[in-house]
2 protein chains.
Amino acid sequence: MKRDSRLSSVLHALLHMSEQDGPVTSEVLADCMRTNPVVVRRTMGLLRKAGYVSSAKGHAGGWTISCDLEKLTLRQLHEALGEPAVFAIGNRTETPDCLVEQSVNAILDETFAEAEALLLNRFAAITLADLAREFTSRHKRYREG
Amino acid sequence: MKRDSRLSSVLHALLHMSEQDGPVTSEVLADCMRTNPVVVRRTMGLLRKAGYVSSAKGHAGGWTISCDLEKLTLRQLHEALGEPAVFAIGNRTETPDCLVEQSVNAILDETFAEAEALLLNRFAAITLADLAREFTSRHKRYREG
DNA sequence: TTTCATGTAACTTTAGATATTACGATTCCG
DNA sequence: CGGAATCGTAATATCTAAAGTTACATGAAA
């Protein structure tokens, strides 16, 4: 399976936007993320629907953050992206007739659910502002050698 | 992405084998798992390399469990399968030049690593014998209505 | 009214899992 | 021995979901 990298993408985009005064165009974001403007619009469009960014057409148009980065969490972004499947491992059949397979599914489902809950809780505890601070300190270390 | 369902498959296969006296052929396993005998051989072959099952050719050949199910854990099976990627979500680029993306990757990697560690610890705590008992009680409930 | 943007549908490409085909090697039975 | 049963495995095809691309419509600003 190809991995879904949209969460990673939007984090990258939001941080770049947060360092910018005016709106940032899809083309600029696409360039810095080495992808296509249409892909950027598609993905950022989901964040717009959730109210985290806004977009403007025409001259001096582009994307702008429209929420408080101290309050925006990775979990909210994951939800805005439609809560894509977290795991690349799963059951062969979701509703098997075979009782053996039902037992296997039951145990695996329970285990994956626990791990997913942990992940989502961690996501809920990380704000974009946290990420911005992590970047600032990384950038400082980089400048200092 | 298509999810990797081999762990689920081998658990299913091993439980069926454990209820059988003699060896079980790839064809029988394939039938009950609704897949192809070649797929069964390919996957079971990995367990054979790890020493958990053995295979015999010719008449009355097939697959046999060659370890103690009380000691065989889901984690060992996951390892025998080559430790496939656990997550369907990931970084856009693994070694980005962009410092912003490096920060994003660092935080995501850390978070995914925690969730993966939890999952693997849970896997290490579940034996095939546990699964067999879960099946027995499920089967009992089923027979009783 | 031209240019710069987004919005979005339709289609193509790509990566990875799974399935299939084909054939070789080995073992057992008669 | 000869044939059927069975695994071993390489090569190829299929399927699925993510990502990329093309095309064109819409709207805003100079």
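We name chains A, B, ... by the order of the sequence lines, and we start the count at 1 in each one. What you see below is based on every heavy atom in this structure, not just the backbone, and it leaves out hydrogens, waters and symmetry mates.
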Which atom pairs link the protein and nucleotides 1-3 of chain C when you take only N or O atoms and keep those under 3.5 Å?
residue	atom	partner	partner atom	Å
C:dT3	O2	A:His59	NE2	3.3

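You'll find the side chain of A:His78 reaches within 4.5 Å of the side chain of A:Pro84, heavy atoms only. Contact annotation: the side chain of B:Met17 approaches that of B:Met44 to within less than 4.5 Å [non-hydrogen atoms, C-beta and beyond]. A 4.5 Å side-chain heavy-atom check between A:Thr127 and A:Lys71 finds every atom pair outside the cut-off. Residues B:Phe123 and B:Gln76 fail the side-chain proximity criterion, which asks for heavy atoms closer than 4.5 Å.
If you take CG of A:Leu46 and P of C:dG7, they are 11 Å apart, rounded to a whole angstrom. Taking atom CZ of residue A:Arg48 and atom P of nucleotide D:dG27, one finds them 14 Å apart after rounding to whole Å. In this structure, CG of A:Leu7 is placed 16 Å from C1' of D:dA19, rounded to the nearest angstrom. Between the C1' atom of D:dA18 and the CG atom of A:Leu81 lies a distance of 13 Å, rounded to the nearest Å.
The residue A:Ala56 sits close only to the backbone: its heavy atoms come under 4.0 Å of sugar-phosphate atoms, none of a base. Across all strands shown, A:Gly62 has heavy atoms under 4.0 Å from sugar-phosphate atoms exclusively, and none from any base.
Scanning for salt bridge (Lys or Arg N to Asp or Glu O under 4.0 Å) contacts around A:Arg138 gives A:Glu134, with sequence neighbours left out. Legend: residues meeting salt bridge (Lys or Arg N to Asp or Glu O under 4.0 Å) with A:Asp130, ordered by chain and number and at least two apart, are A:Arg133.
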Listed pairs under 3.5 Å, donor-acceptor, residues 106-119 of chain B side chains, sequence neighbours left out:
residue	atom	partner	partner atom	Å
B:Asp109	OD1	B:Asn91	ND2	2.8
B:Thr111	OG1	B:Ile107	O	2.7
B:Glu114	OE1	A:Arg122	NE	2.5
B:Glu114	OE1	A:Arg122	NH2	2.6
B:Glu114	OE2	A:Arg122	NE	3.2

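Electrostatic pairing of B:Asp4 and A:Arg92 does not count as a salt bridge here, judged by no charged N lying under 4.0 Å from a carboxylate O.
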Just by protein heavy atoms under 4.0 Å, how would nucleotides 18-25 of chain C read 5' to 3' in B, S and -? SBBBB---
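In this structure, A:His16 and A:His12 have tilted ring planes: the angle between them lies in the 30° to 60° band.
With values rounded to the nearest 0.5 angstrom, B:Ser9 atom OG is found 11.5 Å from B:Leu77 atom CG. Distance check: A:Thr43 OG1 to A:Arg6 CZ gives 6.5 Å after rounding to the nearest 0.5 Å.
Phosphate contact (OP1/OP2 of C:dA5, side-chain N/O of A:Ser55, threshold under 4.0 Å): absent.
Contacts of residues 25-32 of chain A with DNA chain C (heavy atom under 4.0 Å): A:Thr25, A:Ser26.
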